[in-house]
Q: 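One structure, pasted below without further comment.
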Amino acid sequence: MEELIRLQKFIASAGICSRRKAEELISAGKVKVNGEKITELGTKINPDADKVEVNGEIIGNGGKKYYIMLNKPAGYITTTSDTHGRKTVIELVKDINARIYPVGRLDADTEGLLLLTNDGDFANAVIHPSKRHVKTYIAEVKGLPQLEAIKMLKRGVDIGEYITKPAQVELLKGTSSSSTLKIGITEGKKRQVRLMCETIGHPVLALKRVEIGPIVLGNLPKGKWRHLRKEEIDRLCSK
Ligand code: URA
C-alpha cells in the first residue's frame, strides 16, 4: 500500500518551490528526512510516514497517522480514485492532509462502517485473517427466512467454490415480504453476505455494516466521518 515518491517531487508538490529548485535545495544540504540530511537526488520517501524538513521547516504531514471511521452511503465506491468518474469514499473525508485509503472494502451499494487510514501496519493488522474480527451486517432480505435457512447460514453455505465459515445469524424482524437479519462473519469474500443470502433463497434488498470487531458505527450520520478514539485503535490492534 505504501507508495514511495522522489523527494524533489514531494517537496515540489507541497507547493514549496519548483522541482528544479527542490533539487537545488537537496544538493545544497537544506533538506532532512527523518532528521537526517539528504543530498542524493534519487532518494525516495514515503510521504505518509517520513518527516521531511526544508530549511528546518516540516512540510507535508510529518508522518502523522490517521485512523478514521466513515458511515459510507450507498453509491460510493471503495477506492481512492476511479477512472470511470464514479464517486469514491475519499471524496467524503475532507480536510485530511494525508493520502488515506480504505481498510478492506464495501460494495458500492452497501452502506455503513468503513475504516480509513494512512497507516499500512494498522490496515494489515485489521484485515489480517488471524485477527478474526467479526464484521457485523444488518441485511434487509426478501421474504421471511425459516429456521432451517437460518441454520444453514450459521453452519456455512456454498457461495460458489467456497463454503463460508460458521456465522452468527439472528432474525431481528420479518414479514412475508421482507425481513431483517443481523449477520456476523469473520471472512471477507467478495459480496459474501449478498451471496450467502441469495443461496438460501432470500436475496438482499439493502445491506449495512454496523461493526468491525470492537468498533461500532453507532449513530454517526450517513456520509459523515470521525477520528477513531485511542482506545478503539488499541482494541482493534490488540486482539
Ligand atoms: N458482503 C457483501 O455482500 N457486501 C459487502 O459490501 C460486504 C459484505
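Here, residue 1 is the first one in the sequence, and each next residue gets the next number. Order of listing sets the numbers, starting from 1, for every ligand and every atom in it.
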Q: Which of the atoms in ligand 1, numbered in the order shown and given with their element, are less than 4.0 Å from a heavy-atom of Gln192?
A: 1 (N), 2 (C), 3 (O)

Q: What part of Val204, side chain, backbone, both or neither, has a heavy atom within less than 4.0 angstrom of ligand 1?
A: neither

Q: For a quick check under 3.5 Å, do Glu232 and Tyr67 share a side-chain donor-acceptor pair by atom type?
A: no

Q: Does Arg191, backbone or side chain, put an N or O under 3.5 Å from an N or O of ligand 1?
A: yes

Q: Starting from atom 4 (N) of ligand 1, which protein heavy atom do you reach first, and at what distance in Å?
A: Asp107 OD2, 2.7 Å

Q: For Thr110, counting its heavy atoms only, list the atoms of ligand 1 lying under 4.0 Å from any of them.
A: 4 (N), 5 (C), 6 (O)

Q: Identify, by atom number and element, the atoms of ligand 1 in contact range of Tyr137, meaning under 4.0 Å from any of its heavy atoms.
A: 7 (C), 8 (C)

Q: I'd like to know if the side chain of Lys9 and the backbone of Arg19 have a donor-acceptor N/O pair within less than 3.5 Å.
A: no

Q: Under a 4.0 Å N-O cut-off, is there an ion pair linking Lys189 with Glu187?
A: no

Q: Are the side chain of Ser178 and the backbone N or O of Lys142 linked by a donor-acceptor pair below 3.5 Å?
A: no

Q: With a 3.5 Å distance limit and no angle check, can you tell me whether Lys131 reaches the backbone of Asn124 through a side-chain donor-acceptor pair?
A: no

Q: What residue and atom, counting heavy atoms only, is the protein's closest point to atom 1 (N) of ligand 1, and at what distance?
A: Val193 N, 3.1 Å

Q: For a quick check under 3.5 Å, do Thr79 and Arg86 share a side-chain donor-acceptor pair by atom type?
A: no

